[in-house]
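Reminder, nothing fancy here: chain letters follow the sequence lines and each chain counts from 1. As the structure is a prediction and not an experimental result, all values here were calculated from the model.
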Protein chains: 2
Amino acid sequence: MTSTDPPPRHTRQRAAVSAIMTTLDEFRTAQDVHAELRQRGEAIGLATVYRTLARMAADGEVDSIRTPEGVAAYRRCSAGHHHHLVCRECGRTVEITPPDLEAWTEQVGREFGFTHLDHELELFGRCPDCG
Amino acid sequence: MTSTDPPPRHTRQRAAVSAIMTTLDEFRTAQDVHAELRQRGEAIGLATVYRTLARMAADGEVDSIRTPEGVAAYRRCSAGHHHHLVCRECGRTVEITPPDLEAWTEQVGREFGFTHLDHELELFGRCPDCG
DNA sequence: ATTGTCATGAGAACCATTATCAAGTAGCGG
DNA sequence: CCGCTACTTGATAATGGTTCTCATGACAAT
């Protein structure tokens with residue numbers, strides 16, 4: 001696991017997924033991406049879209065989240081990984097940027113000797129419209 | 001929608017779920033709760049556990065999140081919960097206490113008008129023993 | 001071109017969750 | 001207590017997103 005995973009091969013399908021992800025600003029599910037590619041005339045299987053997006057997420061090429069309904073959604077990587085404030089009632093989501101979280105994560109990692117650190121932070125609440 | 005839903009009835013099954021949730025500190029899935037109750041000799045159906053936990057979450061009696069794998073998990077509503085640094089390889093866990101997270105959560109809530117705030121934070125990495 | 005290896009994809013398998021609906025039970029008014 | 005009615009329960013089926021299977025096809029180094 002520490003060592004080099006073999007690099008992904010360059011295929012037409014992978015290029016198509018990569019290309020479409022750079023044109024989309026919002027989070028899309030794998031099913032959405034598959035449907036969109038099909039609509040554009042690309043011949044690509046659903047399983048391949050799932051695999052490719054998962055791989056791209058693992059490699060840091062896209063960000064992945066879970067919608068409140070539990071489905072995975074992907075979006076092209078903006079600079080810096082961010083977090084969300086989610087309404088429990090209606091699912092409305094606001095992007096938030098906690099200060100110093102990256103730095104604090106590194107500090108905690110050093111303190112306990114952990115490496116390859118990552119963090120997951122989500123805030124939950126009830127939005128103004130849901131009282 | 002906003003107003004009067006009929007209040008839940010007092011049943012043996014609901015009492016059992018409510019009771020077990022007060023004894024558990026960590027997030028548990030509905031399946032976990034169901035298995036645990038069965039192991040304790042409670043006769044209760046899986047669907048009922050799902051329904052009861054969903055209802056309790058809607059009523060604010062428990063908090064609910066989605067794990068990175070996409071499954072729903074529930075935890076009793078309590079002040080002063082803690083967080084973890086988890087090794088991806090061996091599962092080793094260290095309790096951690098991020099500074100100012102409570103205060104920052106409140107501040108973000110006020111900023112966007114969200115109420116009933118809670119947060120979920122976990123750190124993941126590779127522990128010293130796993131290199 | 002040949003060959004070993006990885007990627008693809010159609011469909012099946014998987015699994016958490018939800019819907020179905022007949023039977024049981026809580027709670028209330030009499 | 002009695003009975004009525006609406007709510008709850010639970011075994012099972014259905015749903016739907018995601019992953020697995022494995023035969024076939026494509027990539028890339030020789």
- Task: Report, as yes or no, whether the 6.0 Å neighbourhood of atom CG on B/Asp59 holds more than 12 heavy atoms from other residues, nucleotides or ligands.
- Result: yes
- Query: Got a salt bridge between A/Arg12 and A/Glu42, using NZ or NE/NH1/NH2 to carboxylate O under 4.0 Å?
  - Reply: yes
- Item | DNA chain D contacts among residues 29-44 of chain B, heavy-atom distance under 4.0 Å | B/Arg38, B/Ala43, B/Ile44
- Message: Any side-chain to backbone donor/acceptor pair from B/His34 onto B/Ile44? Under 3.5 Å, distance only.
- Response: yes
- Query: If you walk 5' to 3' along DNA chain D, what is the first nucleotide with an atom under 4.0 Å of a heavy atom in chain B, and what is the last?
  - Reply: D/dA6 to D/dA11
- Message: Centre-to-centre under 6.0 Å for B/His83 and B/His119, is that the case here?
- Response: yes
- Protein-to-nucleotide contact annotation, 5' to 3' order, nucleotides 19-30 of chain C [B base; S sugar-phosphate only; - none; under 4.0 Å, heavy atom]: BB----BBS---
- Query: Yes or no on salt bridge (charged side-chain N to carboxylate O under 4.0 Å, His left out) for A/Arg14 and A/Glu61, after CA distance, side-chain angles and deciding distance?
  - Reply: CA-CA 12 Å; A/Arg14 183 175 188 86; A/Glu61 298 177 40; 3.7 Å; yes
- Message: Would the distance check show the side chain of A/Arg76 and the main-chain N or O of A/Thr23 forming a donor-acceptor pair, the cut-off being under 3.5 Å?
- Response: no
- Message: Rounded to whole Å, how long is the line connecting atom OH of A/Tyr50 with atom P of C/dC14?
- Response: 18 Å
- To the nearest angstrom, how far is A/Gln13 atom CD from C/dA10 atom P? 10 Å
- Message: Given 3.5 Å as the limit, does a donor-acceptor pair link the side chain of B/Arg75 with the main chain of B/Arg28, or not?
- Response: no
- Could you state the interatomic distance from CG (B/Leu121) to OG1 (A/Thr105), rounded to the nearest 0.5 Å? 7.0 Å
- Task: Could you check how far CZ of B/Arg28 sits from P of C/dT17, rounded to whole Å?
- Result: 15 Å
- Where do A/Leu123 and B/Asp118 land on the side-chain contact (heavy atoms from CB on, under 4.5 Å) test, with the steps shown first? CA-CA 6 Å; A/Leu123 301 194; B/Asp118 193 14; over 6 Å; no
- Query: Can any side-chain N or O of A/Thr22 pair as donor or acceptor with the backbone N or O of A/Ala19 at less than 3.5 Å?
  - Reply: yes
